[in-house]
Amino acid sequence: MVAEKAIMDMTEDHNPQHDGDCALHYEENLLWEKERSDSPGVDLPEPQGTPSRTGVAERGDIGLPQVSEPQALRHFVRMSTWNYSIDHGFFPLGSCTMKHNPRLNEKVARNPGFAHIHPMQPESTVQGALGLMYELQEWLAELTNLPGVCLSPAAGAHGELAGMMTIRRAHEQKGEIQKRKIVLTPDSAHGTNPATAVTCGFEVRNMPTSETGILTMEAFKEALYATDPDGADIAGMMVTNPNTCGLFEKDIIEIADLLHEAGGYFYMDGANFNALVGKIRPGDFGVDVMHINLHKTFSTPHGGGGPGSGPICCTEELAQFMPVPTVIKNGDTYKLETIEDRPASVGRLKGYQGQFGMHVRALSYMLSHGADGLKRVSEDAVLNANYILRQLEGDYFAPYAGQGPCMHEALVTDKFQKEQGVQTLDIAKALIEKGFHPMTVYFPLTRPGTMLIEPTETESKDSIDRFITVMKDIANEAKTNDNAADHFHNFPLSSPRRRLDEVKAARKPQLRWKTA
Ligand SMILES: *Cc1c(COP(=O)(O)O)cnc(C)c1O
């Protein structure tokens, strides 16, 4: 009962309505808490009177909970329904592109010719699969104008690692790795960017985001030349474009030119590529290497529904260094490269060829949309985000709204609500109460109390309008309730668990279940 107690302890005020089962929501205890000493489960009682016929296969008690098969099945099925997903409702996480996963992709991926092959089969028997990967590489090369494509990284962060290792290898080959130690990142960067740079042995130098939410030439130059007048100690920069404030870095060509002049490489975090796809190509604004989250831009399942897939695309110059394998074509035959085919490569980062099932889904998505359809995707995604921004800018502080349109996501803060004692976290919890998964909160860190809302193109106007209505209701409640701070502090009211004591959960986590 200790685990149960721990959860209760973190709950400010447990909702009595949800003590136990109610409205087809079940209070789901641990399986160990369900077992009864008098009901056999996997451990069977000693046979009485008949000698065991299991011979050497005979086993003692194995210590699993003593519950019946239907009890075990229901336990896991019920818990599986607790996962909120894009198939349940609107999932407006900013900088995360939670879009619908078309069922056509799933159908194609379940084709036995794709689903039942094995990575150790002779290549001659999987030419179709390798041909599919080759075609996906070509689509990605075309969409980014970066000809070197490696599909193997298993997530965006893994792609960052692959890309930064590629940059590191390029400096090694030029004999410059000793003096080029610094990677520039803006302070609005996703945490994985500085983490990747440090993992690759670089030092991170922060560039402050301006009042306008973008990287200025001044801030960039200051960082570029801070410790060397020619920037000769700079290995590269990692920039997300459009950035995590939802804005396009409009000085990016000039910035990339100066970086290249100094001998650095430009890594683009391509997580927000959904705002650009089919419209502009990162290779055209100076990117040397980038990753693409197939589970964001190209609609393959995201999060627990994954696995993810984070291919990288790079310039011809860097292509010799990126990880193996890519799929190469000799005449009519496809083949997965080995390190012998490309000895300058940083080597292998992932078993076999990467997440093949995701390659199938991503190409299915591309082919079903076509070039014109992909362009529509980014246009509609940007339109939806701007619709939200314009609808909410009166009710919430929208620091960048005055500058013109946003890209894939709308950024607002709790500045107005804070005057009533209502903060971003309260707004997020109120959204849960009112039937919406919260947006990304407190990220990016460049402004206090940020809320980052990314609708994507797959939300209907109806669902976006309902979200806007609820957001407006919340703003109105914060403004008009005499005791707004207390009122909001109680949200959510109707969920199986109420607000957790997040400080206590972080400072004194109970990570182990013990029998009482
Ligand atoms: C999602 C995201 C990442 C990391 O991608 P994963 O696939 O989750 O590893 C990196 N940068 C940004 C800006 C992102 O939004």
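For ligands, and for the atoms within them, numbers begin at 1 and follow the listed sequence.
Among K296, E454, H190, the residue whose heavy atom lies nearest to atom 2 (C) of ligand 1 is K296.
The backbone N or O of G354 sits nowhere less than 3.5 Å from a side-chain atom of S152 that would complete a donor-acceptor pair. Of the possible polar contacts, one joining the S460 side chain to the S463 backbone as a donor-acceptor pair under 3.5 Å is found. Looking only at distances, no side-chain donor or acceptor of R361 sits under 3.5 Å from a matching main-chain atom of E106. With H171 contributing its side chain and R168 its backbone, the two residues share no donor-acceptor pair below 3.5 Å.
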query: What do the steps show when you test Y396 against F416 for ring pair (Phe, Tyr, Trp, His ring centres under 6.0 Å), and what is the final call?
result: CA-CA 6 Å; Y396 293 88; F416 301 157; 8.0 Å; no
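For atom 11 (N) of ligand 1, the closest heavy atom belonging to the protein is D269 OD2, 2.5 Å. Ranking protein heavy atoms by distance to atom 6 (P) of ligand 1, first place goes to G156 N, 3.4 Å. Annotation: atom 9 (O) of ligand 1 to nearest protein heavy atom, A157 N, 2.8 Å.
Note: no N/O pair closer than 3.5 Å links A155 and ligand 1 by distance alone. Checking only distances, T240 never comes within under 3.5 Å of ligand 1, N or O to N or O. Note: an N/O pair closer than 3.5 Å links N293 and ligand 1 by distance alone. For ligand 1, one of its N or O atoms has an N or O atom of H295 under 3.5 Å away. In terms of polar-atom proximity, defined here as any N/O pair under 3.5 Å, A271 makes no such contact with ligand 1.
Contact analysis leaves H158 out of contact with ligand 1, as no non-hydrogen atom separation drops below 4.0 angstrom.
Proximity of T413 to T424: side-chain heavy atoms (C-beta onward) are nowhere separated by under 4.5 Å. Between L161 and P153 the shortest side-chain heavy-atom distance does not fall below 4.5 Å. Put simply, the side chain of T450 reaches to within 4.5 Å of the side chain of L411, judged on heavy atoms.
Residue-ligand proximity, T192 to ligand 1, at heavy-atom distances under 4.0 Å covers atoms 10 (C), 11 (N). Each of the atoms 13 (C), 14 (C), 15 (O) of ligand 1 lies under 4.0 Å from some heavy atom of S95.
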